[in-house]
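Keep in mind it's a predicted model, so treat the numbers as computed, not measured.
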Amino acid sequence: MLNPSQNEDYQKALNHLAFSISHRFRRPIATMLGLLELIRLDLLKEHEHEQAIVDFRTCLDELDRYTRELGCLIHREQIKITGCGGSID
């Protein structure tokens, strides 16, 4: 169980995570959805297909990086709040 100070830190960490997810993850996801829609509707010119693949890969790389950063952030917050890397339950 968390003490009041830990609970406040926990709430701050949750707010930070929510901000990260809503802002940093949303852009590459929206870009990939747009690219997929262009492909689905066959709206890309032949010479644009290669760039679409590059852009899609860039978005996936961003999401991979953000996911790794999020994992590190969660681990750091657990250590900060609980004093160890274990669960905050």
Side-chain angles (χ1 to χ4, degrees):
M1 188 56 78
L2 299 175
N3 68 41
S5 175
Q6 288 175 316
N7 191 44
E8 186 177 326
D9 289 343
Y10 179 68
Q11 292 302 317
K12 286 178 185 176
L14 284 178
N15 287 337
H16 183 75
L17 291 173
F19 178 84
S20 290
I21 291 168
S22 66
H23 288 86
R24 293 187 74 191
F25 283 73
R26 190 66 201 144
R27 191 196 68 74
I29 290 171
T31 299
M32 288 189 302
L33 288 170
L35 287 168
L36 284 174
E37 189 66 7
L38 290 173
I39 292 166
R40 186 183 75 77
L41 296 173
D42 200 25
L43 295 175
L44 293 177
K45 295 176 177 62
E46 190 172 323
H47 69 278
E48 293 173 319
H49 283 258
E50 186 64 33
Q51 185 60 48
I53 293 169
V54 169
D55 293 343
F56 205 87
R57 180 60 199 212
T58 299
C59 290
L60 288 172
D61 289 343
E62 284 181 45
L63 287 172
D64 182 53
R65 185 175 63 249
Y66 296 159
T67 302
R68 291 172 193 275
E69 289 173 9
L70 187 58
C72 289
L73 174 65
I74 290 168
H75 184 71
R76 280 194 313 267
E77 291 301 325
Q78 284 178 333
I79 291 170
K80 189 179 355 173
I81 292 168
T82 65
C84 66
S87 174
I88 56 177
D89 293 326

Qualifying residue, where the test is salt bridge (charged side-chain N to carboxylate O under 4.0 Å, His left out) with E62 and the options are R24, R27, R26: R27
Using the rule that Ile, Leu, Val, Met, Phe, Trp and Tyr join whenever any side-chain heavy atoms are under 4.5 Å apart, tell me whether L36 and L44 fall into a single cluster. no
Rounded to the nearest 0.5 Å, how far does CG of D64 lie from CZ of R57? 8.0 Å
May I ask you to decide whether R65 forms a salt bridge with D61, counting only side-chain N to carboxylate O separations under 4.0 Å? no
Working to the nearest 0.5 Å, report the span between CG of L43 and CD of E48. 9.5 Å
Taking F25 as the starting point, is it possible to reach L60 by hopping between hydrophobic residues whose side chains are less than 4.5 Å apart? yes
Would a hydrophobic clustering, with Ile, Leu, Val, Met, Phe, Trp and Tyr connected at side-chain separations under 4.5 Å, put L63 with I53? no
With a 4.5 Å cut-off on side-chain heavy-atom distances among I, L, V, M, F, W and Y, is there a chain of contacts connecting F56 to L38? no
Are Q51 and D55 linked by a side-chain donor-acceptor pair shorter than 3.5 Å? yes
